[in-house]
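What follows is a set of notes on a single structure, which appears directly below.
Below, chains carry the letters A, B, ... as their sequence lines are ordered, and counting in each starts from 1.
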There are 2 protein chains.
Amino acid sequence: MATGWGSLLQDEQQLEELARQAVDRALAEGVLLRTSQEPSSSDVSFILMHRIPSVNGSQFSFPLLMAILVVSYAPFTLFPSLVPSALLEQAYAVQMDFNLLVDAVSQNAAFLEQTLSSTIKRDNFTAHLFDIHKQVLKEGIAQTVFLGLNRSDYMFQRNADGSAALKQIEINTISASFGGLASRTPAVHRHVLNVLGKTKEAAKILSNNPSKGLAMGIAKAWELYGSANARVLLIAQEKERNIFDQRAIENELLARNIHVIRRKFEDVSEKGSLDQDRRLFMDDQEVAVVYFRDGYMPSHYSLQNWGARLLLERSCAVKCPDIATQLAGTKKVQQELSRSGMLEVLLPGQPEAVARLRATFAGLYSLDMGEEGDQAITEAIAAPSCFVLKPQREGGGSVKPSDDYSPDHRLTATHEKL
Amino acid sequence: MATGWGSLLQDEQQLEELARQAVDRALAEGVLLRTSQEPSSSDVSFILMHRIPSVNGSQFSFPLLMAILVVSYAPFTLFPSLVPSALLEQAYAVQMDFNLLVDAVSQNAAFLEQTLSSTIKRDNFTAHLFDIHKQVLKEGIAQTVFLGLNRSDYMFQRNADGSAALKQIEINTISASFGGLASRTPAVHRHVLNVLGKTKEAAKILSNNPSKGLAMGIAKAWELYGSANARVLLIAQEKERNIFDQRAIENELLARNIHVIRRKFEDVSEKGSLDQDRRLFMDDQEVAVVYFRDGYMPSHYSLQNWGARLLLERSCAVKCPDIATQLAGTKKVQQELSRSGMLEVLLPGQPEAVARLRATFAGLYSLDMGEEGDQAITEAIAAPSCFVLKPQREGGGSVKPSDDYSPDHRLTATHEKL
């Protein structure tokens, strides 16, 4: 909605007042990040045991929480972005196709092996994931329920005739984030427009509650696992600035009386175990669902952590995602899917789904060493405005605000006009 | 609900995990305070004008807010407090009586003058307020609509037979705070109980939305003032840690399309004015309602600020509260009301209201210099467990987390068993 509001952007004083209001609203709505200074510091710096005298002269203590921990707001745009309704409908319609495609890929061991064979040779991270995948396949997969929480990222392509087209940039099959915070941003954007007196426009901003949707997926997996006292195990990072995004999902689960325990890979190494039926236990509590909010980047794994990941994958707990689904989200797979005829092989007898999927493909170009990669780079240098160079992790997953792009990330070009 | 949960209070590890969950939930729900390090720093440390290339080669900028401002949570008890339903009902039932009593006092110039005569001689702050009150009376009151947003604070008295009785500690008639944050604490306490698996107890926690109630009062006053484009003027402090409490009310008003402008007394001095009909204007915008979240303590007033307060009181805008209502909330008045026969004088022909009010009186003892005060102090020293010494400001108002009790605050004893 920012386009066409040029005069508004010129009035710096008004913008500042708007920003002040928007920031306070974002904070009040829980659009929060831990500050980078202390992402891992204990949440509760001290609990004051408040003592008051009781009738009989003894003292009664109760915990009163006093604040030290500080947080700030997650970055957000001051104005909402205009999305043509046809493209939104298209994105809704194609999501199930994408989910089924990811599922089909994750179950197609031959396709994964063939597609990732070159990647595995040069990339230790993908090689490690693939090793675990092979081990689990060899032993036999214990889990019977599979859960994917996938996030498709799109940009709009401006066509020559001025119309807009929906183009997928990537699909995240592990630790897809910001569903929690995104649930609270419509209120912030409505506020900004209401302050401007644009009440009609404010009323047009759709509500969005992805944290509830994500929680419902986890709740369904938990239910299908079928053990009333089992927990959801959230694999969390030690330093997690984006914890409020995760808490939003935890809160939705707790409201359904499903308890989440947050643990690190290191905790799994120390206190996780499988019984003879490969049921997973953490601290003697049975685990129905393992929800990964860690483990999508090379830096997340020590040797010990790889051991923990293997333990989790061998269990019959529902992994979100299982390791094959994580591999299905790699850029190399995405690139392979865009090859002519490939969708038809993976989704036989579903020409309509194939057509919907292909309409959103943006064109992926290899930057691998070799002839194909060289060609793409030459084209990009010749016409830079037609390419977005996008930092890329083979582990998939979404970019967190605290992410640094380390040198081992390769680049993939996404052909996209802006 | 803390009583009887002794074993829970012994398990430090569980308490810490509970506290961690409660703090994150409080932050996500907006139970926030600005940190004391930077209560007045600009909310928005920088607005990044994000530039992206457009199709025709020019650049398009849009504001993206990046975080610097940090906040923390307002102190809260980990567990909810048990309130006997009979006492809650009693508090509801007597509130209208208190509101009518405050209103009656505020309109009774003779009672105010007589009651406050000794206070005025020794207390510059009350004397200043009273001067303005007299000036406005002399000129003739321009406002025709009066709005009080009063908060009664209670404690429970344990009777000899073990039953509990509701005792009012004070009534705040200006800048009564924490209605906004209190709207969000039931969710936090439900969360804590749900984590403990106490779902039945969690379901018993009543919802509470005082910010909506307060906003509805202001909205009604705005409506009665009867000017569609007029604003609500919130008189705010420069350093306000408790801004999220206020924003909650502002948000409710904005949702009703009533715009709030936040200004300091200094701004009123510089840019406030009255027209010939004593209509109030701020920055050329008409003001329907003045909502004070400042001006309840001596330290809030420079000579310039007293001038601003007089300007506001002289206007026909609805003040919340007008200066007579602020005076009606002083401890000296509260003490006077507890004298035998006084309620009957102020509320003639309303014996039931008088009975309801008197049942909540806790007994107020003067600590004034003189015989009466000496007697009260002697009693308090002799039986200290029966008295709570309560810091006291003649300006009324509630204690803010950032308040310091300066030496000029006198002490009033509130007779209260715990």
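- In terms of heavy-atom pairs under 4.5 Å with chain B, the best-connected choice from R25(A), E17(A), E29(A) is R25(A).
- The candidate from N194(B), T199(B), N257(B) with the greatest count of non-hydrogen atom pairs under 4.5 Å with chain A is N194(B).
- Salt bridge E201(A)/K204(A): absent, no basic N to carboxylate O contact under 4.0 Å.
- Under the 4.0 Å criterion applied to side-chain N and carboxylate O atoms, E252(A) and K212(A) are not assigned as salt-bridge partners.
- Using a 4.0 Å cut-off between charged nitrogen and carboxylate oxygen, D24(A) and R262(B) do not count as a salt-bridge pair.
- A salt bridge is absent between D284(B) and K271(B): the closest approach of a Lys/Arg side-chain nitrogen to an acidic carboxylate oxygen does not fall below 4.0 angstrom.
- With a 4.5 Å cut-off on non-hydrogen atoms, V195(B) touches chain A through its backbone and its side chain both.
- Both the backbone and the side chain of H191(B) come within contact range of chain A, with heavy atoms under 4.5 Å apart.
- When G180(B), A248(B), A28(B), G30(B) are compared by the number of non-hydrogen pairs under 4.5 Å with chain A, A28(B) comes out ahead.
- Side chain of D161(A) to backbone of S163(A): a donor-acceptor contact under 3.5 angstrom is found.
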